[in-house]
Amino acid sequence: LLSEADILIVGAGFYGATLAERIATQLGRRVLVIDRRRHIGGNAYTEEDPATGVEIHRYGPHLFHTSNEEVWNYLRGFTGFTAYRHRAFSTYRDKVYPLPINLATICQFFGKRLSPDEARGMITGQAAELGDRPPANLEEKAISLVGRPLYEAFIKGYTAKQWQTDPRELPAQIIARLPVRYTFEDGYFNDRFQGQPVDGYTAIFEKMLAHELIETRLGVDFFDIKPLLPKDLPVVYTGPIDRYFDYSEGELGWRTIDIDLEVMDTPDHQGTAIMNYADETVPYTRVVEFRHFNPERQHKSDKTLIGREYSRFAGRADEPYYPIDTRRDQAVYRRYLERAAAEKNLHLGGRLGTYRYLDMHQAIGAALKAFETVLEPYFTGKLDSVSRSP
Ligand code: FAD
Ligand code: UDP
């Protein structure tokens, strides 16, 4: 198989599957996709829960959203999307508030009816404690966006549980993921295109990889077959970059999540898909109730499946989920990039391969771009290497 393939793709997540699909269908090349797990889909993998019949997101809840029309159109070639628009809530000191922080959250938290201007004026006043300095880390960015009282209620404790890292060590972009709104609009995302795949995420990957030129082998670890690789075979690697280089430049910080699943003896446990818990005294970050991702389906079970999420540092034997990306991590990552640049047949991609907090649409978008700027030029003789600094 290895000798027949034109390229080896390590990882059947969105980055790997998108490139495999493009290379097979657009260039007519043979692609071998391997994944160390026994299923396709990477962290977006979904399957039916036998006890309740609901679709479970095995590695944590996945919500599709994008403003990138190219990605949206591309993905719609493999799935339809439901009309689901994500809303979330946060429980703080036994009261429930809407997320992301919006005018309803602000009015409810301060116990006042505030107009958009009044609310903005109040938060700007609170954020003035930072002076004119641009926010340099997660804590400062959060205070600049919502002021200290809301930061301490909704962000500080949740972030402490999620990252167990001083929020002054964490990059500001983590919190910039969440919108803050001075309207009562309470959708979690601002993106133009949103929805859940009609038949679940795994069905998307089945379609993407269903091509005669794509061979998918599961339960295969790249490092077991690495010594067997033909010398010039190009490799797309979407696993953790530090693992690729055997941690020689140091370990990168990753976080993982343990999801504690429980079938509840009620058809509806919490009335919504995701409830965050802001208090540090509650050990989990959030509770997900999967059936609410698919309100369009007829769920016959009178039971419901929930998952409590516990976040912790990932060791080498764990599945890395989130890059922590402290300043130290960034320095280590730069050293790996230098090592990668010296490897002609290696293309690093995806959330783990480029150590970036990529959402699904960003992983797909990055793969489409890599196809255009690296893989296609490579296979048509315009580039002599698949490597590229991510
Ligand atoms: P992955 O999906 O991680 O795929 C990499 C694959 O490589 C894995 O299957 C792995 O097994 C395989 N691999 C690694 N090492 C090896 C090896 N040595 N040999 C063989 N195979 C190997 N995005 C959103 O847009 N919306 C969300 O709501 C959302 N929620 C998320 C919630 C959680 C808890 C997590 C962890 C992520 C979430 N994401 C979300 C992000 C989304 O999962 C990623 O954007 C997407 O999975 C990235 O795809 P990828 O191909 O880069 O990586
Ligand atoms: N966050 C928070 N409180 C919340 C939700 C999010 O402080 O109730 C912060 C937290 O630091 C988190 C980040 O915002 O890591 C990004 O949240 P998001 O919901 O995008 O995280 P993900 O879905 O990727 O876990």
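Ligands are counted one by one from 1 in listed order, and the atoms in each one are counted from 1 as well. Note that this is a predicted model, so its numbers are computed, not measured.
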### Query
Where the closest heavy atom to atom 20 (O) of ligand 2 is concerned, which of Arg177, His62, Lys156 has it?
Arg177
### Task
I would like to know whether His86 and His65 meet ring-ring contact (aromatic ring centres under 6.0 Å, His included); could you show each step before the answer?
CA-CA 9 Å; His86 187 54; His65 58 98; 9.2 Å; no
#### Entry: Residue pair Asn73 / Glu69, side-chain heavy-atom distance below 4.5 Å
yes
## Note on the structure
Those residues at least two apart in sequence (or on a different chain) that pass side-chain contact (heavy atoms from CB on, under 4.5 Å) with Ala51 are Asp49, Val263
### Message
Give me the residue, atom name and distance of the protein heavy atom closest to atom 15 (O) of ligand 2.
### Response
Trp163 NE1, 2.8 Å
### Salt bridge present between Arg286 and Glu309 (N-O < 4.0 angstrom)
yes
### Query
Of the backbone atoms (N, CA, C, O) and the side-chain heavy atoms from C-beta on, which set of Ala17 has a member under 4.0 Å from an atom of ligand 1: side chain, backbone, both, or neither?
neither
### Summary
Nearest non-hydrogen protein atom to atom 32 (C) of ligand 1, with distance, is Pro61 O, 3.5 Å
### Per atom 9 (C) of ligand 2, closest listed option by heavy atom (Asn276, Ile175, Thr285)
Ile175
### Query
Which protein heavy atom lies closest to atom 3 (N) of ligand 2, and at what distance to 0.1 Å?
Phe154 O, 3.0 Å
### Message
Is atom 18 (N) of ligand 1 near the protein, in the sense that some protein heavy atom lies at less than 4.0 Å from it?
### Response
yes
#### Entry: Protein heavy-atom partner closest to atom 6 (C) of ligand 2 - residue, atom, separation in Å
Leu178 CD1, 3.4 Å
#### Entry: Heavy-atom nearest neighbour of atom 38 (C) of ligand 1 within options His62, Glu309, His39, Arg38
His62
### Query
To which protein heavy atom is atom 21 (O) of ligand 2 closest, and what is the distance rounded to 0.1 Å?
Tyr357 OH, 3.3 Å
### Pair Arg328 + Glu251: basic N to acidic O under 4.0 Å
no
### Trp254 and its ring-ring contact (aromatic ring centres under 6.0 Å, His included) partner, picked from Tyr322, Tyr355, Tyr357
Tyr355
### Task
For residues 98-127, pull every pair meeting ring-ring contact (aromatic ring centres under 6.0 Å, His included), keeping only residues two or more places apart or in separate chains.
Phe109-Phe154
### Query
Hey, is Val220 one of the residues with a heavy atom under 4.0 angstrom from ligand 1?
yes
### Query
Given Phe14 and Phe205, is the ring-ring contact (aromatic ring centres under 6.0 Å, His included) satisfied, shown in steps?
CA-CA 8 Å; Phe14 268 119; Phe205 293 90; 4.4 Å; yes
### Query
Quick one: does ligand 2 sit under 4.0 Å from the side chain of His86, the backbone, both or neither, non-hydrogen atoms only?
neither
### Task
For Tyr45 and ligand 1, answer yes if some heavy atom of the residue is under 4.0 Å from a ligand atom, otherwise no.
no
